[in-house]
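The basis for the numbers below is simple: all heavy atoms, side chains too, and nothing from hydrogens, waters or symmetry mates. All chains are named by letter (A, B, ...) in the order of the sequence lines, taking the proteins before the strands, and each is independently numbered beginning at 1.
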Amino acid sequence: MQVKEKIYVLYRGKKIEFEEEKMKVKEILKKLNLSGEYAFAVRNGEILDENQTVKAGDEIKIVNAISGG
Amino acid sequence: MKKCLKCGIRTNIYIPQHRLALCPEHYINWFEARTQRTIEEFKMFQKTDRILVAVSGGKDSLSLWNVLVKLGYEADGLHINLGISEYSEISEIKTRNFAQRIGRKLHIVDLGRDFGRTIPQIKENERRPPCSFCGTLKRYYMNLYAREYGYNVLATAHNLDDEVSVLMLNTLSWNIEYLSRQFPVLPEENGFARKVKPFCKMSEKEAAMYAVLAQIDYIEDECPFAEGSTTLHYKKLISQLEEKSPGTKLRFYSEFLSKMYPVIKDRRPKTSINRCKSCGEPTQSEICMICRMRNNLLYGKLQTSTDKADNP
């Protein structure tokens, strides 16, 4: 049986999985309730554009730049 | 895909408020050069000054320390371990590792050891929000260490988003006293070291992108006590304006500094500064707020859960 690949997203120490085959970075940000004005995605050390597509099997990190206090 | 303005290679890095696309290498150069321009614009410090950088272990402060050292400034670090369980432990480890990487001296204050109580312990007895008394403690130790170890400049990594959210908050309440102090350089006076904010014109996202591209290992977790803070709320509101109209944050802040600040800067109330009778640090009262807090916590009527457990 073939195991279905997922999109893996690391966000503030948590690993989140998306079942989609592919997603745009801005769609992932939206699902996490984040804005591209202060958040961005990184794949293998490379900063991604909001309109770039991420595929199942990819592992990306989301950086939320906003901090409070 | 856009092309780097400097070398023409394809890049994903685009800064809307400056309408600028840059490759990773040229982004790092741009960020460092922009920090240098800000230092010069506000005459913050020179290569002969001794700078103490307040480093939390987060992206902004570690990036600032990295930039200052790369630009050739004499910059050491001060980290304050707040005693907030795993968050503070990781923050200290990341800060220590970074100090080792850049080969600079790091001073460490441990609130539990040096003040006698950690932030969670103080919170149990304080009416003020944690960010408020935590800020008071941080400012106290920053000034104390600057004086004790001979640093004449204190640098913090407050960025454009920090400055704009505070500016908006103070403007909405027309707090002239606070607005008259909101300048990226506060001169050395009355026992207080010069305070500077070299990242005041860099957005939070710009600083985070710099940290990622410069491969700085910082703590990504948010301070657990910052959740729901007023600052976070304002930052999110302002980011909506920025998204619709890139450049709004920088314009609001820069125009305040050039047009409004000169009008109100002399409205700052004249206060007499004394030396705290207990610790000798500058204060407007006889006993400084930190010594009063410490006395209340350690010897006053208020007790922490540890005290209660020790003395049922």
Go through the atoms of [X] and report whether side chain, backbone, both or neither lie under 4.5 Å from a heavy atom of chain A.
X: L213(B); result: side chain
X: Y27(B); result: neither
X: D60(B); result: side chain

Around atom [atom1] of [X], are there more than 12 heavy atoms of other residues, nucleotides or ligands at under 6.0 Å?
X: E17(A); atom1: CD; value: yes
X: Y178(B); atom1: OH; value: no
X: E21(A); atom1: CD; value: no

(Q) Keeping K235(B) on the side-chain end and I66(A) on the backbone end, is there a donor-acceptor pair under 3.5 Å? (A) no
Q. Hey, mind stepping through Y38(A) and K236(B) against side chain to side chain contact (heavy atoms under 4.5 Å, CB included) and telling me if it holds?
A. CA-CA 9 Å; Y38(A) 54 80; K236(B) 285 190 176 166; 4.1 Å; yes
**Q.** chain B contact via E50(A) - which portion, at a heavy-atom distance below 4.5 Å
**A.** neither
Q | Contact winner vs chain A - M1(B), E206(B), E243(B), heavy-atom pairs under 4.5 Å | A | E243(B)
Q: May I ask you to say whether E37(A) pairs ionically with K249(B), meaning some side-chain N is under 4.0 Å from a carboxylate O?
A: yes
Q) Less than 4.5 Å apart, any side-chain heavy atom of S67(A) and any of K59(B)? A) yes
Q. Closest approach of D221(B) and G13(A), non-hydrogen atoms and distance?
A. OD1-N, 4.4 Å
Q: Drop me the distance from N64(A)'s CG to E222(B)'s CD, to the nearest 0.5 angstrom.
A: 8.0 Å
Q) Hey, what do you get for CD (Q52(A)) to CG (N12(B)), rounding to the nearest 0.5 Å? A) 4.0 Å
